[in-house]
2 protein chains.
Amino acid sequence: MTSDPTPVRPVEVDRTSPVPLYYQVATRLQELIESGEIGVGDRIENEVDLADRLGVSRPTTRRAIQYLVERGMLVRKRGVGTQVVHPKVRRPVELSSLYDDLIAGDQGPRTAVLSLAVVPADATVAAALNLVPGAEVTWIERLRYAGDEPLALMHNAIPLDVRDFKREELEVRGLYELLRRAGRVPRMATQVIGARNATLAEARMLGEKRGASLLTMTRTAWDDRGRALEYGSHLYRAARYSFELNLSAG
Amino acid sequence: MTSDPTPVRPVEVDRTSPVPLYYQVATRLQELIESGEIGVGDRIENEVDLADRLGVSRPTTRRAIQYLVERGMLVRKRGVGTQVVHPKVRRPVELSSLYDDLIAGDQGPRTAVLSLAVVPADATVAAALNLVPGAEVTWIERLRYAGDEPLALMHNAIPLDVRDFKREELEVRGLYELLRRAGRVPRMATQVIGARNATLAEARMLGEKRGASLLTMTRTAWDDRGRALEYGSHLYRAARYSFELNLSAG
DNA sequence: CACAAGACTTTGTCAGGACAAAGTATTGAC
DNA sequence: GTCAATACTTTGTCCTGACAAAGTCTTGTG
């Protein structure tokens with residue numbers, strides 16, 4: 001016995017608002033699902049009826065539903081209907097979460113800039129940023145703290161044309177924010193997560209014992225036009241840090 | 001001086017094909033970009049003209065372009081046009097790549113099933129799979145090899161109602177394939193990647209020294225209807241394995 | 001020459017309609 | 001009763017048409 005689809009109750013769209021209709025509908029649906037009014041496993045009203053009742057066209061309704069399907073909240077099946085599969089938005093791994101270490105620099109955890117200099121790129125950096133070997137880059141070394149304890153040792157290389165960095169700004173605002181202010185917004189990134197044992201020097205900086213397990217993460221980020229923006233090579237204390245990913249398959 | 005948009009040359013859509021038109025167009029565009037006929041930074045023809053020339057409607061063309069935008073190959077700007085930002089498809093982290101360790105079991109690397117038994121779920125497993133503590137699950141322990149060398153030690157817990165597993169099948173087909181055959185397709189997953197030093201027992205199984213750095217990955221996967229499908233807790237030799245992710249921000 | 005107003009280009013949103021395809025439920029024949 | 005054919009529901013694809021909004025380029029004014 002299949003349960004009847006839950007009708008979406010009082011919903012009105014605001015046609016004077018600059019917010020697109022499909023987005024208004026999607027947001028409303030999302031609220032209903034997150035609040036539990038439409039539970040996991042429930043079917044929602046079919047597109048045609050929903051569109052009618054909201055007073056919008058079917059394409060608009062479809063687009064709203066599609067938006068939530070892509071976010072992993074809903075699943076559609078032809079001939080069957082649209083079902084809630086998850087009450088929370090499961091983002092398909094966002095750059096924002098990827099950059100949380102940088103964003104977070106704006107708020108809580110303290111970040112110390114250990115060094116900031118213009119140096120010639122070594123082979124690895126040059127390859128990652130698609131530069132000619134020996135081209136100059138801004139090289140940043142930072143130590144991130146969580147409370148009093150060191151958490152991560154972060155190295156970044158940024159092409160010279162991206163921006164001129166100042167130490168104080170970097171400590172206060174964080175790398176990500178500075179890039180954004182320069183109008184260079186990351187659009188794409190590849191990252192590799194691995195692990196290895198700490199060297200003596202690394203262990204000392206991070207307050208670990210030699211040989212302690214460290215998480216390694218290297219990342220290259222590109223902007224809108226495919227220009228390399230940033231190369232990062234970071235070390236995290238494995239005992240105090242892990243990466244969390246939410247994935248969805250369409 | 002902006003360069004003229006590259007016209008997409010001989011393209012025809014096949015209306016007798018069961019492949020959707022928008023997908024045909026997207027595939028054709030993708031080929032042109034991957035082959036380099038349309039280079040990074042080039043603008044492609046505008047939607048309206050493209051649609052005209054292909055003999056399809058603008059919404060269909062838009063959908064094709066949208067598809068490639070979501071994959072990170074193209075970027076659109078209102079009033080400007082659509083530009084190529086990356087010549088290869090950068091998938092936003094797929095479940096398929098997430099499951100490569102399982103899929104790969106079908107082909108190259110050998111996987112030995114160390115144990116396969118029905119046991120009561122411990123607290124961690126029960127919580128991850130959303131079961132009552134003590135409920136029975138199929139518990140699988142496997143050792144993955146790359147060539148002659150051990151690569152990973154994998155533990156999985158699968159709710160009993162999902163499927164009845166046989167050792168031989170598991171060795172030959174891999175877990176993922178067996179789940180798929182049971183009609184339980186993973187749609188969503190959360191995973192946590194961390195690291196720690198190997199215990200003596202783990203080191204022995206993996207052919208490492210005690211204290212060697214290991215990558216840890218725990219994952220819970222859900223199917224279509226939000227039912228927990230699989231919990232996995234895996235250990236990888238950090239010296240021989242790393243996770244690669246491609247991310248895009250919309 | 002500098003700068004603002006306007007024209008133009010291009011993508012973004014939205015409507016309404018039509019038919020196809022994939023499930024589900026019902027009906028009918030044996 | 002069982003099973004296959006049929007009807008029905010629901011999403012998937014595709015079309016035409018229209019206007020809005022955000023850039024870019026041109027033009028004209030001071």
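Keep in mind the model is a prediction, meaning the values are calculated, not measured. In what follows, every chain begins at residue 1, and chains take the letters A, B, ... in the order their sequences are listed. Both backbone and side-chain heavy atoms feed into the values below; hydrogens, waters and symmetry mates do not.
Summarising the geometry, atom OG1 belonging to Thr61(A) is positioned 5.0 Å from atom CG belonging to Leu50(A); distances are rounded to the nearest 0.5 Å. Rounding to the nearest 0.5 angstrom, the gap separating the OG1 atom in Thr27(B) from the CG atom in Leu32(B) is 11.0 Å.
Atom C1' of nucleotide dC19(D) and atom CZ of Arg15(A) are separated by 13 Å, given to the nearest angstrom. In this entry the distance linking CZ of Arg78(B) with C1' of dT11(C) reads 7 Å, nearest Å. Taking atom CG on Asn46(A) and atom C1' on dA22(C), their separation rounds to 15 Å, with Å as the unit. In this structure, Tyr23(A) atom OH and dT13(C) atom P are separated by 12 Å, rounded to whole Å. In this entry the distance linking CG of Leu50(A) with P of dA15(C) reads 12 Å, nearest Å. The nearest whole Å value for the distance from the CG atom in Asp52(B) to the C1' atom in dC15(D) is 13 Å.
Among dT13(D), dT11(C), dA21(C), the nucleotide with an atom closest to any side-chain atom of Arg58(A) is dT13(D). The Tyr22(B) side chain lies nearest to dC14(D) when the options are dG12(D), dA18(D), dC14(D). Residue Arg62(B) has its side chain nearest to dG12(C) when only dT24(D), dG12(C), dC14(C) are considered. Of the candidates dG23(C), dC14(C), dT11(D), the closest approach to any side-chain atom of Thr82(A) belongs to dT11(D). When the nucleotides dT10(C), dT13(D), dC14(C) are ranked by their closest atom to the side chain of Pro20(A), dC14(C) comes out on top.
Taking both residues in full, the closest heavy atoms of Ser233(B) and Thr218(B) are given as OG-CG2, 3.9 Å, listed atom of the first, atom of the second, then distance.
Contacts of Ser57(B) with the nucleic acid, taken as non-hydrogen atoms under 4.0 Å apart, include base atoms. Across all strands shown, Pro59(A) has heavy atoms under 4.0 Å from base atoms, whether or not it also approaches the sugar-phosphate. Residue-level contact check: Arg63(B) touches the backbone only, with heavy atoms under 4.0 Å from sugar-phosphate atoms and none from bases. The residue Val56(A) sits close only to the backbone: its heavy atoms come under 4.0 Å of sugar-phosphate atoms, none of a base.
Residue Asn130(A) qualifies as open at atom CG: its count of foreign heavy atoms under 6.0 Å is 12 or below.
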If a protein heavy atom is under 4.0 Å from the base, mark B; if only from the sugar-phosphate, S; if neither, -; do that for nucleotides 3-8 of chain D going 5' to 3'. ------

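Applying the salt bridge (charged side-chain N to carboxylate O under 4.0 Å, His left out) rule to Arg63(A) yields no partners; only residues at least two apart in sequence or on another chain are considered.
Applying the ring pair (Phe, Tyr, Trp, His ring centres under 6.0 Å) test to residues at least two apart or on different chains, the pairs with a partner in residues 16-62 of chain B are Tyr23(B)-Tyr67(B).
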